[in-house]
Amino acid sequence: MTDNRFDPSSADGRWQRAWDEAGTFTADSNSDKPKSYVLEMFPYPSGRIHMGHVRNYTMGDVLARYKKMRGHEVLHPMGWDAFGMPAENAAMEKKVHPGSWTRSNIEAMKAQLKRIGFALDWTREFATCDPEYYGHEQALFLDMYEAGMVYRRSSEVNWDPVDMTVLANEQVIDGKGWRSGAEVEKRKLDQWFLKITDFAEDLLDGLGELDHWPEKVKLMQENWIGKSQGLEFSFELSNGEKLPVYTTRPDTIFGASFCAIAADHPISQGLADDPAVAAFIEECKRGGTTAAALETAEKLGYRTDITAKHPFTGEPLPVFIANFVLMDYGTGAVMGVPGHDQRDFEFATKYDLPIQRVVAKDLESADAPMGDEAEPGDGVIIHSDFLNGLSVEHAKADVINRAEDGGWGEGTTVWRLRDWGVSRQRYWGTPIPFIHCETCGIVPVPKDQLPVKLPEDVDFETPGNPLERHPTWKHVDCPTCGGKARRETDTLDTFTNSSWYFLRFASQPEDKPFDPEEIAKWMPVEHYIGGIEHAILHLLYARFWTRALARLGKFEVKEPFASLFTQGMVTHETYSLGDGSWLSPDEVRKDGADWIRIEDGAPVTAGRVVKMSKSKKNVVDPDNIIEKYGADSVRWFMLSDSPPERDLPWSEAGIEGCWRFVQRLWRLFDQIDQTATGEDKALARKAHQAIVAVAEDIEALSFNKAVARIYELTGAAEKAKPSESRNFAIRTILHLIAPMMPHLAEEAHARMASGLIADAHWPEHDEAMLVEDEVTIAVQHKGKLRDTLTVPKGASKEDLEALALASEKVQRSIDGAEIRKVIVVPDRLVNIVT
RNA sequence: GCGGGUGUGGCGGAAUGGUAGACGCCGGGGACUUAAAAUCCCCUGAUCCUUGAUCGUGCGGGUUCGAGUCCCGCCACCCGCACCA
């Protein structure tokens with residue numbers, strides 16, 4: 001009566017259309033059901049959906065469908081993070097407009113997502129490059145400006161002196177420009193900043209309320225915000241000036257043997273008349289602006305003639321200009337304590353400065369010779385006059401007190417977090433809505449003139465910012481005085497686009513960014529899922545925007561994402577030829593134990609399993625897989641085996657196994673026997689236990705465990721003889737897999753009932769059916785397993801002990817030794833200690 | 001350099017301090033078939049003196065009747081570092 005094979009090539013599309021036509025996944029904000037907002041980080045439209053997307057969206061999809069089965073009104077939207085550099089690169093390489101390149105990518109990727117059968121509300125789709133979206137973003141940016149959260153200052157960028165253009169960190173390879181190959185320099189530009197540091201305390205405290213965020217992400221954000229307590233004080237300099245410095249280790253002040261200031265510190269700049277100083281400052285401009293580049297660069301210093309007077313000893317300390325001191329952090333000047341800071345240690349070794357230990361592990365080791373690195377650890381203070389014998393903690397407090405009493409310093413809090421530079425000298429982003437007027441200065445674009453749209457007619461033939469070069473776009477009249485003025489040609493960092501998109505998904509009125517009442521209905525996002533690579537920047541910026549908008553009175557929500565899940569990457573084995581060139585998986589095959597190239601039989605080395613990437617050619621295209629196995633097999637693969645937070649190795653064998661399981665289920669679903677009677681208590685119990693366990697696993701996002709349980713129940717149902725219990729078990733499996741393999745589930749459901757299984761309820765379980773009658777307990781002798789016993793559940797300690805001692809195997813192991821102790825854990829084990 | 005993480009069979013991984021290896025993949029053996037595919041059944045951590053025993057969760061210590069799990073110290077690998085998204 002039915003085919004004995006499930007055919008996804010016809011079923012998948014049929015059910016996808018059925019869901020579309022019924023509007024099954026359209027979220028109704030007026031529903032009186034409890035609301036659930038499930039969101040995956042929206043994709044950048046790079047051109048093709050990759051396996052990482054499939055994994056991410058499958059997890060969210062299972063949650064969304066499960067929540068719906070649990071009676072929730074679910075919002076599960078999708079859109080496009082559409083601004084960014086790849087579109088401009090494509091424009092340069094392929095001579096296409098970034099907008100049309102992006103639009104056609106979106107169209108292709110949307111079709112791919114549809115083929116996987118995601119339960120998405122497409123009615124709310126948008127792209128961040130839609131003028132409507134970025135216009136509202138400009139309005140929000142102006143609101144933040146009015147509230148004093150936006151300002152301008154000069155800041156360093158990577159400058160390519162050959163291409164005459166600003167480079168992203170990504171475009172700096174080994175300190176050189178990626179196109180020109182020229183040595184990159186630091187250059188200062190006037191740029192726009194958002195005052196995220198005003199929210200440092202709030203963002204830090206807010207982490208405490210995020211109970212459903214991974215600890216590691218919270219810890220990373222905490223370290224990133226980097227609250228530190230320390231002492232800010234001033235050295236008196238030999239030239240009569242004062243040098244304010246900040247230190248987190250005032251306890252080590254007697255170990256200071258030099259001071260170091262940043263190259264762009266005012267004192268350094270004041271000495272720049274000296275050609276040697278000027279040359280050194282120039283030297284410091286070499287190299288990129290990333291933390292890693294700065295930290296790993298060789299420590300360089302220039303010894304000035306100035307000395308600083310130690311506040312306690314009065315000793316003169318040499319003042320150096322040094323490349324490892326940052327003007328952006330603290331005061332741009334530090335006291336160097338080589339004994340207890342690794343950077344200072346290296347610097348002191350290089351420039352032959354004294355290295356004195358002032359914190360020792362204990363008094364005995366106080367005068368042991370210093371090793372070849374600094375000692376940053378805790379201990380007791382030595383060689384420090386009145387601090388001797390104090391703990392690090394007490395010494396810190398003592399020095400701060402004395403500085404405050406003496407009026408030469410004070411205890412302060414310093415944050416590692418820096419204000420967010422949002423200026424980008426690029427075309428494909430949100431234009432920053434300001435006008436520079438010769439007479440009025442900086443003037444916001446009036447809101448009724450938003451959006452400030454990007455011009456369409458731009459060229460990418462010459463490097464640099466096309467908005468700057470455009471013949472007319474930047475020339476405007478001042479909105480205040482009507483005089484000649486110039487548009488801001490910087491665009492906003494793409495991270496601003498992704499800092500509020502979840503609000504626009506929840507509510508999208510035409511005349512404003514969002515409607516507070518709708519926000520109140522849906523926010524916060526209940527489940528937010530995405531890559532660990534966003535642990536800091538995107539997630540911190542989104543938290544910041546939400547708090548900033550709340551401070552502006554736009555809504556009450558303070559934290560956008562109630563729970564966060566960071567998923568692992570999809571990886572694949574790599575294949576290479578003897579010459580080191582990479583081969584793609586479909587160019588090779590296994591020949592016995594070895595790998596060969598299909599084309600000519602050349603030997604191939606199977607290498608490490610790493611993240612799928614174009615450069616390693618170990619990419620598997622989801623479309624080809626769906627074509628061959630259907631959407632459900634791929635979805636099942638994404639959920640199986642690996643825990644979702646870890647990497648998932650893609651394998652051909654694995655997807656084959658999923659395909660076989662789809663067919664196994666299909667055959668099983670055909671075996672409901674309406675004439676069957678009788679109870680199979682063991683199977684019924686397994687089914688009830690699975691209903692509870694799979695629900696718990698899905699809610700904990702432990703999809704791999706849910707999958708294993710479904711395999712177990714399936715195996716048991718297959719083996720069982722027909723009975724009412726078996727029919728129940730089969731129908732249970734059908735509902736348990738519905739969120740994971742929705743097409744197969746609909747197809748099978750349609751043959752036994754009317755309506756969509758997507759609209760069905762999660763099966764009910766019977767509490768009484770969960771309890772086992774019998775348990776297997778372990779019998780140990782001195783902690784080693786000797787025997788097992790099957791006993792009724794709840795057997796008494798005495799009975800268990802007697803049964804254990806009666807075991808022949810146990811007696812042989814004890815071998816007549818004296819029994820000193822017997823530990824009995826009911827329903828678990830008996831441990832006999834001799 | 002700084003910060004974060006991971007480590008269990010041939011592979012992916014299970015395991016409230018209580019029977020290590022659930023479940024899947026690979027591999028081996030068998031059934032069915034003219035044959036193949038599909039399907040079904042059985043086996044599959046290592047070693048040995050094989051009715052059984054010993055060893056075994058990156059390495060070295062410790063706590064405990066009992067440690068993959070808790071504590072201390074290492075090693076290896078991976079990820080992030082503010083203009084990639």
Side-chain angles (χ1 to χ4, degrees), chain A residues 4-5 41 43-44 46 81 83-86 157-158 166-172 191 196 214-217 219-220 222-224 226 288-297 299 324 328 342-343 346 416-426 493-495 497-498 531-538 540-541 568-569 608-611 637 640-643 645-649 651-658 660-661 663-664 667 704-705 707-712 715 718 776-788 809 812 820-823 825 828-834:
Chain A
N4 55 4
R5 262 171 55 116
M41 292 177 186
Y44 178 78
S46 56
D81 188 13
F83 277 136
M85 279 205 306
V157 292
N158 300 306
V166 176
L167 297 178
N169 283 338
E170 190 188 53
Q171 299 171 318
V172 180
Q191 309 201 63
I196 190 172
E215 286 303 322
K216 63 173 174 182
V217 174
L219 191 58
M220 284 162 89
E222 188 181 321
N223 289 331
W224 187 262
T289 59
T290 67
L294 293 171
E295 301 280 339
T296 52
K299 310 280 176 287
F324 66 90
D328 286 340
Q342 187 57 28
R343 282 187 310 193
E346 285 168 29
R416 205 189 77 102
L417 183 69
R418 307 200 300 259
D419 275 336
W420 176 10
V422 290
S423 281
R424 298 292 180 271
Q425 295 70 39
R426 270 187 270 283
D493 178 9
T494 55
F495 272 119
N497 308 139
S498 54
I532 184 69
E533 68 272 21
H534 295 290
I536 297 175
L537 295 182
H538 161 60
L540 191 66
Y541 292 147
M569 296 177 297
R608 299 177 44 163
V609 179
V610 297
K611 178 180 181 176
F637 184 99
S640 304
D641 295 350
S642 289
E645 69 277 13
R646 281 207 228 161
D647 289 353
L648 172 68
S651 74
E652 195 68 23
I655 187 70
E656 292 276 354
C658 294
R660 282 199 298 271
F661 187 61
Q663 300 303 337
R664 247 174 92 187
R667 289 190 297 273
N704 57 322
K705 291 193 233 169
V707 162
R709 299 209 188 258
I710 290 169
Y711 272 116
E712 266 180 285
E718 283 170 336
T776 305
I777 68 160
V779 183
Q780 300 177 335
H781 173 217
K782 289 197 285 192
K784 291 195 179 190
L785 182 71
R786 294 298 162 192
D787 203 356
T788 58
K809 287 175 185 170
R812 206 183 317 142
R820 293 192 292 139
K821 200 173 179 182
V822 179
I823 289 145
V825 183
R828 275 286 183 189
L829 61 63
V830 179
N831 186 12
I832 296 155
V833 186
T834 58

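Per chain, numbering begins at 1; letters A, B, ... match sequence-line order.
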K.L.:
Any base atoms under 4.0 Å from A:Arg667, or only sugar-phosphate, or nothing? Heavy atoms, all strands.
P.N.:
sugar-phosphate

K.L.:
Judged by modelled atom types alone, do A:Asn169 and A:Asn158 share a side-chain donor-acceptor pair under 3.5 Å?
P.N.:
yes

K.L.:
With a 4.0 Å cut-off on heavy atoms, is A:Asn704 in touch with a base, just the backbone sugar-phosphate, or nothing at all?
P.N.:
sugar-phosphate

K.L.:
Just by modelled atom types, is the A:Ser640 backbone N or O under 3.5 Å from a matching donor or acceptor in the A:Asn704 side chain?
P.N.:
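Absent.
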
K.L.:
Base, sugar-phosphate, or nothing: which does A:His538 touch, judged by heavy atoms less than 4.0 Å apart?
P.N.:
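It contacts nothing in the nucleic acid.
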
K.L.:
Could you tell me how far B:rG13 sits from B:rC25 if I compare only their C1' atoms? Round to whole Å.
P.N.:
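Rounded to whole Å, the distance is 11 Å.
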
K.L.:
Within this structure, what is the CG-CG distance for the pair A:Leu417 and A:Leu540, rounded to the nearest 0.5 Å?
P.N.:
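The CG atom of A:Leu417 sits 6.0 Å away from the CG atom of A:Leu540.
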
K.L.:
Taking only the P atom of each, what is the distance from B:rA20 to B:rG5 in whole angstrom?
P.N.:
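Roughly 30 Å separates the two P atoms.
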
K.L.:
Quick check on RNA chain B: between A:Ile532 and A:Lys299, whose nearest nucleotide comes earlier from the 5' end?
P.N.:
A:Lys299

K.L.:
Pull up the glycosidic torsion of B:rG9 and say syn or anti, syn being anything within 90° of 0.
P.N.:
syn

K.L.:
Heavy atoms under 4.0 Å, any strand shown: does A:Phe324 hit a base, just sugar-phosphate, or nothing?
P.N.:
nothing

K.L.:
Nearest-nucleotide wise, let me know which of A:Ser651 and A:Arg646 is further upstream toward the 5' end of RNA chain B.
P.N.:
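Mapping each residue to its closest nucleotide by heavy atoms, the 5'-most match is A:Arg646.
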
K.L.:
Does A:Pro43 reach a base, just sugar-phosphate, or nothing at all? Heavy atoms under 4.0 Å.
P.N.:
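Touches nothing.
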
K.L.:
Regarding A:Asn831, tell me which of base, sugar-phosphate or nothing describes its non-hydrogen contacts under 4.0 Å with the strands shown.
P.N.:
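The answer is base, as A:Asn831 lies within the cut-off (heavy atoms under 4.0 Å) of a base atom.
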
K.L.:
Of all residues at least two apart in sequence or in a different chain, which pass the side-chain contact (heavy atoms from CB on, under 4.5 Å) check with A:Ala778?
P.N.:
A:Leu785, A:Leu829

K.L.:
Can you list the residues that meet the salt bridge (Lys or Arg N to Asp or Glu O under 4.0 Å) rule with A:Glu652, with sequence neighbours excluded?
P.N.:
A:Lys628

K.L.:
Roughly how far apart, to the nearest Å, are B:rC32 and B:rU50 at atom C1'?
P.N.:
34 Å

K.L.:
Taking only residues two or more places apart in sequence, or in another chain, which ones meet A:Arg664 in a salt bridge (Lys or Arg N to Asp or Glu O under 4.0 Å)?
P.N.:
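Scan of A:Arg664 (salt bridge (Lys or Arg N to Asp or Glu O under 4.0 Å), adjacent residues dropped) gives A:Glu718.
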
K.L.:
Please round to the nearest 0.5 Å and tell me the distance separating atom CG of A:Asp647 and atom CE of A:Met569.
P.N.:
4.0 Å

K.L.:
Have a look at A:Ser46 and say if it touches a base, only the backbone sugar-phosphate, or nothing, with a 4.0 Å heavy-atom cut-off.
P.N.:
nothing

K.L.:
If you write RNA chain B from 5' to 3' in dot-bracket form, with Watson-Crick or G-U pairs under 3.5 Å, [ ] for crossing pairs and | for pairs with another strand, what do you get?
P.N.:
(((((((..(((.....[....))).(((((.......))))).((((...))))..(((((..]....))))))))))))....

K.L.:
For a quick check of understanding: with a heavy-atom distance under 4.0 Å over all strands, which category does A:Gln191 fall into, base, sugar-phosphate or nothing?
P.N.:
base

K.L.:
Taking any atom closer than 4.0 angstrom to a non-hydrogen atom of chain A, what span of RNA chain B does the protein reach, first nucleotide to last?
P.N.:
B:rG1 to B:rA85

K.L.:
Rounding to an integer number of angstrom, what distance separates B:rG58 and B:rA67 when you compare their P atoms?
P.N.:
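So the two P atoms sit 15 Å from each other.
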
K.L.:
Taking side-chain contact (heavy atoms from CB on, under 4.5 Å) as the definition, give me every residue that meets it alongside A:Lys216, ordered by chain and number, with sequence neighbours left out.
P.N.:
A:Pro214, A:Ile532, A:Thr566

K.L.:
So how far is it from A:His538 NE2 to A:Met41 CE, rounded to the nearest 0.5 Å?
P.N.:
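Between atom NE2 of A:His538 and atom CE of A:Met41 there are 4.5 Å.
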
K.L.:
Work out how far the P atom of B:rG21 is from that of B:rA15, and round it to whole angstrom.
P.N.:
13 Å

K.L.:
How far, in whole Å, is B:rG18 from B:rU64 if one measures between their C1' atoms?
P.N.:
12 Å

K.L.:
Touch check for A:Gln171, heavy atoms < 4.0 angstrom, all strands: base, sugar-phosphate only, or nothing?
P.N.:
nothing

K.L.:
Using a heavy-atom cut-off of under 4.0 Å over every strand shown, decide if A:Ala535 touches base, sugar-phosphate, or nothing.
P.N.:
nothing

K.L.:
Would you call the rings of A:Tyr541 and A:Trp420 parallel, tilted or perpendicular if under 30° counts as parallel and over 60° as perpendicular?
P.N.:
parallel

K.L.:
Reckon A:Val707 touches a base, only the sugar-phosphate, or nothing at all at heavy-atom distances under 4.0 Å?
P.N.:
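Result for A:Val707 = nothing.
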
K.L.:
Can B:rU39 be described as syn, meaning its chi torsion is within 90° of 0, or is it anti?
P.N.:
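Anti for B:rU39; the angle lies over 90° from 0.
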
K.L.:
Determine whether a donor-acceptor pair (N or O, by modelled atom type, separation under 3.5 Å) exists between the side chain of A:Asn831 and the backbone of A:Gly783.
P.N.:
yes

K.L.:
Check every strand shown and say whether A:Ser498 touches a base, only sugar-phosphate, or nothing at a heavy-atom separation below 4.0 Å.
P.N.:
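Contact class for A:Ser498: none.
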
K.L.:
Using the P atom as the point on both nucleotides, what is the distance between B:rU39 and B:rA46, in whole Å?
P.N.:
27 Å

K.L.:
For A:Gly421, answer base if it contacts any base atom (sugar-phosphate contacts may also be present), sugar-phosphate if it contacts only those atoms, and nothing otherwise; contact means non-hydrogen atoms under 4.0 Å.
P.N.:
sugar-phosphate

K.L.:
Taking the C1' atom in each of B:rG10 and B:rG27, what is the distance between them to the nearest angstrom?
P.N.:
8 Å

K.L.:
How is A:Arg416 classified with respect to the nucleic acid when contacts are heavy atoms under 4.0 Å: base, sugar-phosphate, or nothing?
P.N.:
base

